[in-house]
Amino acid sequence: MPPNPVVANGATPAGAHPFPHAHLLGLEGLQPWEMLYLLDEAEQWVELNRRAGGGGAKHDNRLAGLTQINAFFENSTRTLLSFEIAGKRLGADVVNLGVSGSSVKKGETLLDTALTLAAMHPDVIVIRHGSSGAVQLIAEKLGCPVLNAGDGRHEHPTQALLDALTIRRRKGRIEGLTVAICGDILHSRVARSNFQLLAALGAKVRVVAPPTLMPPHVEQLGVDCFTSMDEGLKGVDVVMMLRLQTERMDGAYVPSTREYFRFFGLTEERLRHAADGVLVMHPGPMNRGVEIDGRIADDIARSAVTEQVEMGVAVRMACLDVLTRTRRGVADWPAVGAGR
Amino acid sequence: MIAITGARVIDPATGFDAVTTVLLHDRMVAAVGDLDIPADAQIIDAAGLVLAPGLIDAGVFRADPAACHAGGITRIVLMPDQRPPLDDPALVAFAQAMGKPDVWVHPLVAATRDLAGQELAEIGLGQAAGAVGVATGRQAIASSAVMHRLLAYSRAFDMTVVSHAEDPVLTAGAVATEGDYATRLGLAAAPAFAESLAIARDIRLAEATGARLHLRQVTTAEGLYLVRAAQARGLAVSAGVTPAHWLLNETAVAGFRSFARLSPPLRSDADRRAVEAAIGDGTISVIASGHDPRSQEEKRLPFSDALPGMAGAETLLALALSLVRNGTLSLAAALKTMTAAPAALFGLPGGTLAIGAPADIILFDEQAPWRIAGDRFIGAGNTPFDGIPVAGRVRMTIKGGDMVWRA
């Protein structure tokens, strides 16, 4: 993706709608200023979420009376919790539909499930599904804003946004940074969304993975590929480690956990190749001793792992707020029709 | 007795191409040429239309008479992927009769029991029951030993073996061709060379056994290179393709359009161009629709969960005519890929206007423009060509002397 001249200050161009999309299905196709708008909006929620004390202080009522459905067709604990808290802090009535409780197991088609959900008149739906493109398919059938909480290997936009917010708060900028994304790139929607976002915001992106976990032709997505950690980490400002799922470790894609850690795990020694003040990130849940040395993960000076979780709630609050503005008739918010 | 006058008559079997009269009598072609029309003949004025033998669709997944009639198809070669699979002579016999009286059905017997790729099915008895060839089905046979035995055994019955050339292990779980496009969309993908690997093996085994091998769909430049080399060595290896692989490339899956989920998956544009060139030079001799009607329940799913396949019978002729307009093939040569070529491959009657041939005839308007619209199809509408403008409309389909379609 060519560098965008607008990135420098990130301001929404005069006359442009700050976020003219009905849904958030992915980051592909979003303008850089639209991504930055969501990040800017999230800042206020970081402050609200940090507010100490009881009495409903961590609460805003702008989504009061709105129904938010979190439809998760794939298991999730952290993301689901994050979306639930985000919705509740904004005052929405939040309902969770888990895969075990759904009729998907009874043979109902995905589109029938979508129509059933639509008939309950939700105001915003958050969807996670194991198949790439599934969230878009459902969104076409629903008359309310849809937030993609991860579809197959395709996109996980709120994760990339929370990563960006974390980086921006720690580093003061995104533009000009070099970010290495390491691990199971092949199966990772987090990596794909981050390619889109980081490239749009002017960061340089590297991927580091064994060849079996590297998506074919990934360099055509504008990233530099490395199969050696030491090479890939040289001079980077941010290291994003990805989770390696256990079922992919026993000889399927890599021979063993110990071999993986030996060559692709993030260790103290390896991290020395990175730039001073390198920031270490992980979308969680972490496999300590598989992809990351536990000591690095726990070092709050370098690791932003828990901060990422915190930013996640704020970013999701921002997305829920922005996507429901047309529906809520927010003053000065030009109506957004169907489409992305 | 029917006399069709004024049409441009093309017999792809002989290359005959002239404006003249065709006389049909007793369900057969009785005469072709400028003749005195018998007084009792029903005269059909076909001025401005092309008259050709009814199309033979070599490799469809469902006998779909209404769609066939609209598409000018009078004869289909039916894949064994039915429910249950055609792995038993009784099922073959039943399949052969299922098109009556609307369309001639020529079943392919399953190569292995339940199409599982392990034990040989009764292909000799299948032939006796009416099968015109053997097919591995939607999948290749993974075991080289089984494929070797299949080819060797089929040779004794002089049956063409129809193979699906994709390495089944390499393509397991894949729904797209490896490339930046599949990576961008996050689709599980297999390399394009999964095809050439399978083709190389099948060709070598065909050479070792002397069997006749038909690769139902060859869709990559590398695969075509192997086929071309085998044909140059004089092996009985032929190749087919469906319109999707010379008209569309991998970008057609944009927006996760499950109607563009095909098997083999759509390829890069370089491969697409190689397919077109191979049709032009004759490496690919058979064009089929691959007709595989799917219901909404099977297609309106996330891309990876949707079943592959496209409804192709109604659009076969119009899409094939695009090869004539872009200069790849002459009209007679294009028609041959859908008539005389498959007839010769499977030993079928029809595909010719020879005296005594079955009276399977189509009349079509080569120039008539229309726009493909899946929701206006007579049968299932799962076409990846939705919205594409084409030219060429079947005006009349005659099967066995009976007029079965008129538009």
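All values derive from a computational prediction rather than experimental measurement. Order of the sequence lines sets the chain letters (A, B, ...), proteins ahead of strands, with each chain counted from 1.
Take A:Ala119 and apply the side chain to side chain contact (heavy atoms under 4.5 Å, CB included) test, not counting sequence neighbours, and it matches no residue. For B:Tyr225, there are no side chain to side chain contact (heavy atoms under 4.5 Å, CB included) partners two or more places apart in sequence or in a different chain.
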Looking only at N and O atoms, which donor-acceptor pairs between chain B and chain A are within less than 3.5 angstrom?
unit_1   : atom_1 : unit_2   : atom_2 : d
B:Thr183 : O      : A:Arg192 : NE     : 2.6
B:Thr183 : OG1    : A:Pro216 : O      : 2.7
B:Gly186 : O      : A:Ser132 : OG     : 2.5
B:Gly255 : O      : A:Gln136 : NE2    : 3.4
B:Asp305 : OD1    : A:Ser131 : OG     : 3.2
B:Asp305 : OD2    : A:Ser131 : OG     : 3.0

May I have the list of side-chain donor-acceptor pairs in residues 59-66 of chain B shorter than 3.5 Å, sequence neighbours left out?
unit_1  : atom_1 : unit_2   : atom_2 : d
B:Arg62 : NH2    : B:Pro293 : O      : 3.0
B:Asp64 : OD2    : B:His291 : NE2    : 2.8

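Looking at B:Ala188, both its backbone and its side chain come within 4.5 Å of chain A, counting heavy atoms on both sides.
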